[in-house]
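What's counted below: heavy atoms across the whole structure, side chains too, no hydrogens, waters or symmetry copies. Model, not experiment: these values are computed from the prediction. Atoms within a ligand are numbered from 1 in the order they appear, just like the ligands themselves.
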Amino acid sequence: MCGIVGVLGSHEASPLLVEALKRLEYRGYDSAGIATVHEGKLGRRRAVGKLVNLSDTLVHNPLPGKSGIGHTRWATHGAPSVDNAHPHQAGPVAVVHNGIIENFRELREELAAAGIKFVTETDTETVALLTQMYLEQGQDPVTAARTTLSRLDGAFALAFLFDGEEDLIVAARKGSPLAIGHGDGEMFVGSDAIALAPMTDEITYLEEGDSAVLTRTSLEIRNESGEIANREKRKIQIDTARVDKAGHKHFMSKEIAEQPTVIGEAVRHYLSTDGSGIQLPGEELDFTKIDRLTMVACGTAFYACLTAKYWFEQLAGIPVEVDIASEFRYREPPISKGTVALFVSQSGETADTLAALRYCEGKADKILSVVNVPESSIARESDVAFPILAGTEIGVASTKAFTCQLTVLLMLALKAAQDRGAMTEEEVSNLLIKLRALPGTLNETLDCEAPLAEAARKLAEARDILFLGRGLMYPLALEGALKLKEISYIHAEAYASGELKHGPIALIDKHVPVVVLAPKDNLFDKSISNMQEVMARNGKVLLITDKAGAAEGSEGAWQTVLLPEIDPVLSPILYALPAQLLAYHTAVAKGTDVDQPRNLAKSVTVE
Ligand code: M6R
């Protein structure tokens, strides 16, 4: 899952390409490169590592030209290296690619049999080599690119640039998003509209199977059958300002601190004008007609769904299935009548979630999504997209998007509960009062940063860490473990507290810290019994609870962190903060790259 961009401009392309790649770095950051055509000749610059390395290369070795393509990479085939970095060039053609060419082995064999040599380990090189072969057979650049496209299986967004063609880019999408930007005598292409925002706000989204021929003054789009296709040109509102760290050391810390504000905004967005009820934006949803809710997502968004399952089932009485998108899509589950499918995604571009959504098209009664990026593919392809209003999230470890997802999902569950008569107006209104007060309670929670940072410094020495939770705290335990492993690289696992004795308890010894998330709720006593079982085996328990919980259950704990008291229904939103802060401070203590951890990317646009 990489980011691609193309520019047919009226000024030098390099700075525009680099700025666009900065905006696409969330898709991958293990190498980057650009190619331009200048005085009829293709030139390339590539560098391993973050984009800043490519910028440095360009300072010492500039690349002139007003037409160009660029790429920021998350390696799929071939290690991060200069050779494997895009653009890939084969003679007179250069190519940038996001996705995976699934039949690249067959294509490689075919090219090798024709005596063609490879210099990279990537699937993308086959695209460049095939195009070169068709050019050598006498095809013109557009035909050569189209013939190549007809040979490719898999998911891809591609842009081609040619020697001697300073007013031509060929682009195509199948399975990976691609946007065309219209300028004044200029034309652009990019993985998303955000990348193109500094250059234009007029965007045409390519649809599945589309290919496009761009010049500075024209755009011709053909559908998969090769027929001319008319695609809508839209005016997009995207903030062009790049987000800064606002005095924080890392984006993650800034995003953790922003949660009281953005959650407050999300709550307000879904409140009726007088603040007493819930008003859903867009089309009216009839919750009384829903027999079953199928929720699908990946990673942190999946844990938001697992949490919401408790809310939809317990508050609204709707049976809920929750699935990991990559499993759901290939299991091809039957979708019965009366099922509504709900997809949760920060980026709205996660390939597995998008494919699961497409699987549900025509099967589910309605397709809903809860997304942060309103112009994303998942938002655009849903019947109703509920925004979470978290604002741009830069840190690869999702924080504020998770709690905003929880907030919006809770408000949907409350609306469903009220519409279905599972809760009275008064009961809903009481919870809404607490939700409105939540930003204040979250601010108080952020004041617990010091003891969490102290605990984190000790956790940083551990090799394995366990997280335990029951009920609504179980998905949070999973989220806490995911957060910790992705940024601190410490092995962490989470279990439903009651499950520990069925196997994982064998892991416990004095070297394994166990984080127990246990507010004083109806399951507290059971959680504390499980915690005792850990301590009886010399496990070191970090108990995260409230004052009442500490009074009853903290004896013998290695460390206890006190959070404000909260209505149990709202507790996952609050308890997410200490889980995030623990992971953050552990990573800081270990000196890892908090915002761009190794091997990861913010948006996972490949399977
Ligand atoms: O953009 P999405 O919400 O669809 O992304 C899903 C996961 O890739 C994402 O939540 C991932 O697990 C995060 N790095 C977690 O912090």
Side-chain angles (χ1 to χ4, degrees), residues 1 3 24-29 74 176-177 191-192 194 250-253 255-256 259 295-308 322-329 342-358 369-382 385-388 390-406 408-409 467 475-476 478-489 492 494 576-577 579-584 586-587 592-607:
M1 66 235 157
L24 290 172
E25 222 181 357
Y26 71 89
R27 289 168 164 263
Y29 39 78
W74 185 83
S176 300
S191 293
D192 65 24
I194 302 164
H250 299 101
F251 280 109
M252 182 179 178
S253 129
E255 287 158 6
I256 290 173
Q259 290 176 104
M295 300 182 74
V296 184
C298 301
T300 287
F302 170 70
Y303 299 141
C305 294
L306 275 186
T307 313
V322 181
D323 218 330
I324 294 170
S326 54
E327 288 299 313
F328 177 87
R329 59 179 295 196
L342 172 54
F343 300 87
V344 180
S345 174
Q346 186 285 127
S347 63
E349 299 295 353
T350 301
D352 288 316
T353 311
L354 185 57
L357 180 152
R358 289 182 180 150
S369 61
V370 168
V371 285
N372 196 28
V373 182
E375 281 303 325
S376 61
S377 305
I378 289 176
R380 284 185 285 117
E381 295 188 27
S382 306
F386 297 104
I388 62 165
T392 309
E393 190 180 66
I394 305 272
V396 163
S398 189
T399 51
K400 61 176 182 167
F402 175 63
T403 47
C404 284
Q405 284 162 354
L406 291 180
V408 172
L409 288 166
F467 281 74
L476 253 197
L478 291 162
E479 169 61 5
L482 171 65
K483 217 84 304 171
L484 191 83
K485 55 190 150 193
E486 70 180 332
I487 59 169
S488 75
Y489 315 147
L577 271 54
Q580 297 163 353
L581 286 166
L582 263 188
Y584 173 72
T586 308
T592 57
D593 190 341
V594 171
D595 287 329
Q596 293 186 318
R598 70 184 183 202
N599 304 341
L600 296 177
K602 182 74 185 154
S603 175
V604 184
T605 57
V606 291
E607 285 191 50

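For atom 3 (O) of ligand 1, the nearest non-hydrogen atom from the set Met252, Lys485, Gln346 belongs to Gln346. If you check each of Asp352, Val344, Thr350 against atom 2 (P) of ligand 1, the one with the closest non-hydrogen atom is Thr350.
Distance CD/Glu349 to CZ/Arg27: 6.0 Å, rounded to 0.5 Å.
Protein heavy atom in closest approach to atom 7 (C) of ligand 1: Cys298 O, 3.7 Å.
Taking 4.0 Å as the cut-off between side-chain N and carboxylate O, Glu381 and Arg358 count as a salt-bridged pair.
Contact annotation: the side chain of Leu600 approaches that of Tyr29 to within less than 4.5 Å [non-hydrogen atoms, C-beta and beyond]. Residues Phe402 and Lys483 have side chains not in contact (no heavy-atom distance under 4.5 Å, counting atoms from C-beta outward).
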Donor-acceptor pairs under 3.5 Å, side chain of residues 350-357 to any protein atom, not counting sequence neighbours: which ones?
residue : atom : partner : partner atom : Å
Thr350  : OG1  : Ser347  : OG           : 3.4
Asp352  : OD1  : Arg329  : NH1          : 3.2

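For ligand 1, the atoms lying closer than 4.0 Å to a non-hydrogen atom of Lys483 are 15 (C), 16 (O). Using a 4.0 Å cut-off to heavy atoms of Ala397, the atoms of ligand 1 that qualify are 16 (O). Heavy-atom contacts of Thr300 reach the following atoms of ligand 1: 10 (O), 12 (O), 15 (C), 16 (O) (cutoff under 4.0 Å).
For the ligand labelled ligand 1, residue Ser603 lies outside the 4.0 Å heavy-atom shell.
What you find for Thr300 and Gln405 is that their closest heavy atoms are O-OE1, 4.4 Å.
Of all the heavy atoms of Glu486, the ones lying under 4.0 Å from any atom of ligand 1 belong exclusively to the side chain.
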